[in-house]
Amino acid sequence: MEGEGDLQLPSLFSFSVLLPERACGEREGMGPYPFGSGTATTGWAAADSAPQCSASEIDGLLAGAGYRVRSSDLLHVAHSLERLESAIGGAPDDHLAFAEAVHYNPSDLTAWVDSILSELSPSLPPPRPPPAAPVVETWPDPTCSPLPYRQHQTAVVASTRQREEEGSAIRLVHLLVSCADAVQRGDSGLAWNIIEEMRVVLTRVNTGVGIGKVAGYFVDALCWRIYSPCSSSSSSSVSVAGSAAEQEILYHHFYEVSPYLKFAHFMANQAILEAFDGYNRVHVIDFNLMHGLQWPALIQALALRAGGPPFLRLTGIGPPSPDGRDALREVGLRLAELARSVRVRFAFRGVAASRIDDVRPWMLQVVPGEAVAVNSVLQLHRLLGDPGDDAAAPIDSVLGWIVGLRPRIVTVVEQEADHNRPAFLDRFTEALFYYSTMFDSLETGRGAARHHHHQQQQAVAEVYLQREICNIVCCEGAARVERHEPLARWRARLGRASLRAVHLGSNAFKQASMLLTLFSGEGYCVEEVDGCLTLGWHNRPLISASAWRADDDVAPPPDIQLFNTSMASTTNNSITISGNDI
Amino acid sequence: MAGSNEVNANECKMVVPLNTWVLISNFKLAYNMLRRPDGTFDRHLAEFLDRKVPANVFPVNGVISFDLLIDRVTNLLARIYRPSPPTPSDSQRPSLHADLQSPPSPDPFPVIIFFHGGSFAHSSSNSAIYDSLCRRFVSLCGAVVISVNYRRSPEHRYPSAYDDGWTALKWASSEPWLHSGKDAKLRVFLSGDSSGGNIAHHVAVRAAESGIEVSGNILLNPMFGGNQRTESEKRLDGKYFVTVQDRYWYWKAFLPEGADRDHPACNPFGPNGMKLEELPFTKSLVIVAGLDLTQDWQLAYAEGLKKAGHDVKLVHREQATVGFYFLPNTDHFYEVMEEIKNFVSSNC
């Protein structure tokens, strides 16, 4: 790494969100084990499950190793493994075919092994005892959570050789947390004193990088909170957030200098492509069009589809443009031009809405027979309310109408963090550590070139993140829209809305990994978590991408929604832009 | 080959519990998919399949963990495990940087630098199986455990892993909070399983050469080999999850191009090995599984240390297979953990 030497300030860490449950069946130095060392000639001595867990429960020890296998399935998995062993030859090449296959959700060992077996001999379905209980893809029930550690996050501390700077950095962290604590208790006098002290400490650290930079933003945010907190969704949130046009520019810069959004778009497009397979009329509903950065790649992939491209409709949702410009339409025109150039029949429609919950399904004009993809990149969290106050939040009704559209796929990208915790101090500390990791990656990832232009781009990208920080720290109530929640909680929520995870497989994972290696620095890590993928920095996941589809036996919601009038703030641009017909 | 495979499965089944058999057979199957005959490795699929766990600063059974970037230049990460720090007055407040890097006790405590196994190619410090093991070491020994995420082969051959181990040891020596006792000493143990055991040995040699005192080495089924084919390799080939061929692949992927298995990294007491007699090499606890086909090399290693005048305690679990330490469901597991505990406490 060039030119890194002197800047070794530590970044910080964040914490776990929830305490894990002890995996059932775990024994600590107690007597007899669940399975004895067998002496029987027929096989394992005790094929029964551990006394503590019933047969339909998960084997606790394997859970600790990251595998979710029901005790009652162990024998079946073992037999499948044996069959594989004897069926695949002994030569080194023989296993390679399976490397080329697409793998899904390795934690579900039973399914994984079965899928390899069926690759091997599709004509011979593996003999399977009927499952004791229906397979559940999501975990609605936290009491026997089989993979407890998944709920926790920690970011990275960069060790430093410079004791003094490290001392100042530690001091800054302590002061920040103390200040947030004072703010939470309403002691603004003390908070102000701490802020003054922090300003002094900041003069002793390099505020250009690492903890110095992030701490600076958090100090500013605390100041703002004390002196002009925003709790309504009126103009104060606009002043913090800036105009929609500004926001698009910031987003675009963040997209350019780091891999997070590129990863998100890539994964979502993969899932959408697969879901659209076999359909000639497809409709993508983008919850936040911005500059439409996600769609050129999808359009091109559809153009190259075997059997020819489908007719693609794109409905882009975005905030209304105040100045007479029609930003949505402009993006639509550009995408139409691209579609035309690759001979994909294309129609665009813009729906201007300040908030997703102002959108009504009828505005999306979903047509029977078309495959619908709903794409939400960093939008769903804006529909959440305070935890425990769920009834008031729009998320459930929005999820309801999403499901009502009968989408083939719903792609969800969210920040992997818990920034919606009820207590301010918890939220503050969680954000402190999340954003330090995020900033650390921006500085250190290979994208962080030394060129002036790139540095400018990076500076703008940081403002994008700074806005998020401000919203989390300064705002309350309806004004606080950056209500990030971790993947585990999204799973539960989407599960309650009758959405089931569509597992993202090893092919997508591999491509994402390879792209990361090519274009970004070392330190980024892609992980597979129960069918979803996360991208993180130094082992701390920062963003998650997942794909969902509606449960087939959910009745569609009543049609009365179609005729409700919309909220006043929504306007409806019905602009349809078509590409040339071939 | 089919016939002998049936025999393998039956013999194997006799000696391990069902869930252990499933776990290790699963690894075997997955790993077979990752090694290509041309010596390359399907790293992306490996990372996809590996089950990882995040670090956790909230205590689980009294142990917390956090990731640390030890060296920015090589992106060397380590996961630190320690007894949870005493809760501050407001027990709701999570631990902060300073609390985490504070001594776990006023009394002398061991620091265990752990190198995970995986035959130099597989696994990471955040692999679930190794996360569990490291947590257990903390509870067992009251230790701070540093699990080093060393660079793996074939992308990074010898001596990258050793260099990373050395970096970790030097880092630990420079951290005041890891020093304990009236003499403010770093009571460090180098440990590892499989390739990790091999790395521990070589880092210990370097430590001895450089005057850094190591309190002890704990090697679990350490990975050694040589050009010869030993009796145990012939007898146990393919019988208990491991084949001689896969061992050869991993060595080929790790050792320098053109080197053979009598390279001193692989065969420290072989024809090209270095003499350890003069060195203040540390004490060793060497645990050998009797059903590990490379056990002859491990036993020879222990012999080599003894002949060089160094203290070795050999624990030979005759009926144990590779990976017996992953799941706490056999006597092997518990008795070996007890040995480790005693070794650490008597040498701390």
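Letters A, B, ... are given to chains in the order of the sequence lines, protein chains preceding strands, and every chain is numbered from 1. Computed from a predicted structure; not experimentally measured.
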A.B. asks: Are B:Glu47 and B:Arg152 close enough for a salt bridge, meaning some N to O gap below 4.0 Å?
C.D. replies: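 Yes, B:Glu47 and B:Arg152 are salt-bridged.
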A.B. asks: Non-hydrogen atoms of chain A under 4.5 Å away: do they reach the side chain of B:Tyr31, the backbone, both or neither?
C.D. replies: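 Answer is neither: B:Tyr31 stays 4.5 Å or more from chain A.
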A.B. asks: Find the one option among A:Val69, A:Leu109, A:Val77 whose heavy-atom pairs under 4.5 Å with chain B are most numerous.
C.D. replies: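 Among the listed options, the one with the most contacts to chain B is A:Leu109.
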A.B. asks: Charged N to carboxylate O below 4.0 Å: is that the case for A:Glu416 and A:Arg540?
C.D. replies: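 Looking at A:Glu416 and A:Arg540, the cut-off is not met.
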A.B. asks: Excluding sequence neighbours, so at least two apart, what forms side chain to side chain contact (heavy atoms under 4.5 Å, CB included) with B:Asp42?
C.D. replies: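 Side chain to side chain contact (heavy atoms under 4.5 Å, CB included) check on B:Asp42 returns A:Ala99, A:Lys510, B:Leu34, B:Arg36, B:His44, B:Leu45.
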A.B. asks: Which of the residues B:Ile129, B:Leu49, B:Asp246 is involved in the greatest number of heavy-atom pairs with chain A at under 4.5 angstrom?
C.D. replies: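 Of the candidates given, the most pairs with chain A belong to B:Leu49.
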A.B. asks: Given the options B:Ile80, B:Leu327, B:Thr74, which has more heavy-atom pairs under 4.5 Å with chain A than any of the others?
C.D. replies: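 Heavy-atom pair counts peak at B:Leu327.
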A.B. asks: Got a salt bridge between A:Arg70 and A:Asp59, using NZ or NE/NH1/NH2 to carboxylate O under 4.0 Å?
C.D. replies: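 Between A:Asp59 and A:Arg70 there is no salt bridge, as every charged N stays at least 4.0 Å from the carboxylate O atoms.
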